[in-house]
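The next block holds one structure in the form of structure tokens; read it before the comments.
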Amino acid sequence: MNPKRKTRVLIVDDEAEIRSSLRRILEYESISAVEAGSGAEALKLVALELFDAVLLDVKMPQMDGIEVLGELRRRMPDLPVIVVSGHGTVATAVEATKLGAFDFMEKPLERDRVLLVLRNATEQGRLRDENRELRLAFEERYRIVGASPTLRKVEESIVRAAPTRASVLILGESGTGKELVARAIHGNSPRSGAAFVKVNCAAIPEELIESELFGHAKGSFTGASQDQVGKFVRADGGTLFLDEIGDMSLKTQAKALRVLQDGEVEPVGAAKTLTVDVRVIAATNKNLEEEIAAGRFREDLYFRLAVIPIRMPALRERREDIPALVDHFVAAICRENNWRMKRFSSQALAALQELPWRGNVRELRNVIERLLIMAAGDEVDLRDFPPGLGLPTEGTPAPVAGEVLQLPHGGQTLQAFKDVAEREFLVAKLREYDWNVTATSKAIDTPRSNLYKKLDAYGISREKDGL
């Protein structure tokens, strides 16, 4: 419902004086009122015009209000109908309620009562419309876009995994859309009506991860001023998504394994355990088999998580999906910013398909947003691409997928130079501190959370940039 549009109410009554009286009351409150003298006329008006509520009399000739109510419920189940009766009985009220009436009022009608019920009915409708719009926007945001063979295999795995209770391990590089897979599995599962709880294991300090996952009792450690419910308990009956599971400490892995095996959670410092029913979906950009060999990941937890492994392909493995992804992001970004729709030329799309996309789909979206902002016209073309984007120029070989792109410092924009320099600096510091994010963030004097954001933005990972 558009909040700027005037509220419109249909008054249905065979008595002209009652319709006129109600109309004056509503119009005095800046509510637009339309009159119908019969049930048949009311149904015709509802089919042609948009109304926010209906005031419907029961006692009418030819087609009474209960018949009209039943027909309205069949045609427009979301339209609030307030039933009015001059001979109110319990039986009539019960029948109207069973048919889905929003409320029931007896004549003579009181002004304040009419306005209150209408306000409640229209507010409920407004909230329902907002929820529907938010749900559609949410579904669009987390939609998996593309039709490549590699992506079809992922979707087939989602279809098979969703109805089961099995744990799922999603593998893939940063920015490939592992969370989209997790949400798709949850959304198509019997648990879809329950909570989907996400935990980024890499973004939570090691000393706090246990408390975050399992909860803690008041006074269990310094700063624990009150009891805290953990993510496993919050996800009870639903799905817990453990993102970047490869960064979880061995101690926390042992407790997570217990929950997966026994369904029991022990909050930090608590004397009792809690029983939960949680489906766990985990994701990582690390090679867990290598982590197991190095003693950094428990083999028993790996097998417990990888009941159904799903690998999300890198963007360079499904370049044919890039045009569809571009259209998806252009529509979303223009809608979010209330911009006029723009489009990419065929030459621009072809150029985007040739880039290495080390940051995968996340990097693509950032590039699309940047190009939409910088392009002067309604069409984004090659001339709008900044030098720092990495398009090969004449005589320059195209970058190889997966390699760290070395951009020349000359002839770039200042922002492109800054981006390249910052990325090189961060990679060098991470190598210096053996990819310990906490130590690196202290050394370069930046918050740990900010460093993680930089790693995501530049597509930096040990697998691609480590020596």
Side-chain angles (χ1 to χ4, degrees), residues 138 142 161-170 178-179 181-284 286 288 291-292 296-310 448-449 452:
F138 180 86
Y142 290 107
T164 72
R165 297 172 57 90
S167 299
V168 179
L169 179 62
I170 307 168
K178 296 187 291 294
E179 184 180 344
V181 175
R183 289 186 180 275
I185 292 170
H186 172 75
N188 290 279
S189 76
R191 298 170 180 261
S192 60
F196 177 91
V197 179
K198 176 188 173 183
V199 179
N200 187 331
C201 300
I204 304 172
E206 186 176 339
E207 61 272 17
L208 296 179
I209 185 69
E210 283 193 60
S211 173
E212 191 74 17
L213 287 174
F214 312 114
H216 65 248
K218 180 180 178 181
S220 56
F221 55 86
T222 304
S225 57
Q226 60 186 14
D227 292 345
Q228 176 174 303
V229 177
K231 300 294 188 183
F232 271 100
V233 174
R234 292 187 186 279
D236 190 20
T239 301
L240 180 65
F241 176 47
L242 298 175
D243 197 12
E244 304 301 350
I245 188 77
D247 291 276
M248 184 181 284
S249 69
L250 288 168
K251 181 183 176 183
T252 307
Q253 288 175 36
K255 294 191 73 171
L257 180 63
R258 180 182 177 187
V259 182
L260 287 169
Q261 288 175 333
D262 307 325
E264 294 182 348
V265 174
E266 185 177 339
V268 177
K272 63 177 182 178
T273 60
L274 305 172
T275 301
V276 294
D277 171 24
V278 175
R279 182 186 194 171
V280 173
I281 300 175
T284 183
K286 293 186 174 182
L288 290 188
E291 294 295 300
I292 292 168
R296 291 188 292 265
F297 201 84
R298 292 180 62 114
E299 188 175 34
D300 47 4
L301 178 58
Y302 171 76
F303 288 125
R304 191 51 86 156
L305 290 170
V307 176
I308 302 177
I310 298 176
R448 193 165 177 263
S449 59
Y452 275 113

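Counting begins at 1 with the first residue of the sequence.
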- Task: Start with the C-alpha gap between Leu242 and Val280, add the side-chain angles, then the distance that decides, and say whether side-chain contact (heavy atoms from CB on, under 4.5 Å) holds.
- Result: CA-CA 7 Å; Leu242 298 175; Val280 173; 3.9 Å; yes
- Criterion side-chain contact (heavy atoms from CB on, under 4.5 Å) on Val259 and Phe214, from CA distance to verdict: CA-CA 9 Å; Val259 182; Phe214 312 114; 3.9 Å; yes
- Are the side chain of Gln253 and the backbone N or O of Met248 linked by a donor-acceptor pair below 3.5 Å? yes
- Query: Quick one: does Lys255's side chain have a donor or acceptor within less than 3.5 Å of a partner on Glu266's backbone?
  - Reply: yes
- Task: Identify the two heavy atoms, one from Ala283 and one from Phe241, that lie closest to each other, and give their separation to 0.1 Å.
- Result: CB-CE1, 3.6 Å
- Item | Derivation and outcome, side-chain contact (heavy atoms from CB on, under 4.5 Å), residues Leu260 and Leu301 | CA-CA 9 Å; Leu260 287 169; Leu301 178 58; 3.6 Å; yes
- Heavy atoms of Leu274 and Pro267 approach each other most closely as CD1-CG, 4.0 Å
- Hey, does Arg304 have a side-chain heavy atom less than 4.5 Å from the side chain of Ser167? no
- Message: A side-chain contact here means heavy atoms from C-beta on lying under 4.5 Å apart; do Val268 and Glu212 qualify?
- Response: no
- Query: Judged by atom type as modelled, is there a donor-acceptor pair below 3.5 Å linking the side chain of Thr164 to the main-chain atoms of Ala161?
  - Reply: yes
- Over all heavy atoms of both residues, which pair between Ser192 and Gly187 is shortest? Give the atoms and the distance, please. CB-O, 3.4 Å
- Query: Between Phe196 and His186, how do the two ring planes meet: parallel, tilted or perpendicular, split at 30° and 60°?
  - Reply: tilted
- Aromatic contact, Phe297 with Tyr302 (centres under 6.0 Å): no
- Side chains of Ile292 and Arg298: closer than 4.5 Å at any heavy-atom pair? no
- Indicate the atoms forming the closest heavy-atom contact of Ala194 with Gly237, along with that distance. CB-O, 3.3 Å
- Residue pairs meeting salt bridge (charged side-chain N to carboxylate O under 4.0 Å, His left out), one or both in residues 235-247, sequence neighbours left out, come to Asp247-Lys286
- Message: Using side-chain heavy atoms (C-beta onward) and a distance below 4.5 Å, is Thr239 in contact with Ile281?
- Response: yes
- Message: Could you measure the distance from the CG atom of Leu169 to the CD1 atom of Ile308? Nearest 0.5 Å is fine.
- Response: 11.0 Å
- Message: On a heavy-atom basis, which atom in Val307 and which in Pro309 lie closest, and how many Å separate them?
- Response: O-CD, 3.7 Å
- Is Glu179 salt-bridged to Lys198, cutoff N-O under 4.0 Å? yes
- For Glu291 and Gly246, the nearest pair of non-hydrogen atoms, with its separation, is OE1-O, 4.5 Å
- Query: How long is the gap from CD1 on Ile204 to OG on Ser211, to the nearest 0.5 Å?
  - Reply: 9.5 Å
- Between Lys251 and Glu206, is there a side-chain N and carboxylate O pair less than 4.0 Å apart? no
- Task: Assess whether atom CD of Glu264 is packed by more than 12 heavy atoms of other residues, nucleotides or ligands within 6.0 Å.
- Result: yes
- Task: Check the pair Leu240 / Arg279 against side-chain contact (heavy atoms from CB on, under 4.5 Å), numbers first and verdict last.
- Result: CA-CA 6 Å; Leu240 180 65; Arg279 182 186 194 171; over 6 Å; no
- Task: Measure the shortest side-chain to side-chain distance between Thr273 and Arg258 over non-hydrogen atoms and say whether it is less than 4.5 angstrom.
- Result: yes
- Roughly how far, to the nearest 0.5 Å, is CG of Leu305 from CD1 of Ile170? 11.0 Å
- Drop me the distance from Leu257's CG to Asp262's CG, to the nearest 0.5 angstrom. 8.5 Å
- Take Ser249 and Thr252 through the side-chain hydrogen bond (donor to acceptor under 3.5 Å, both in side chains) test and state the conclusion after the steps. CA-CA 5 Å; Ser249 69; Thr252 307; 2.9 Å; yes
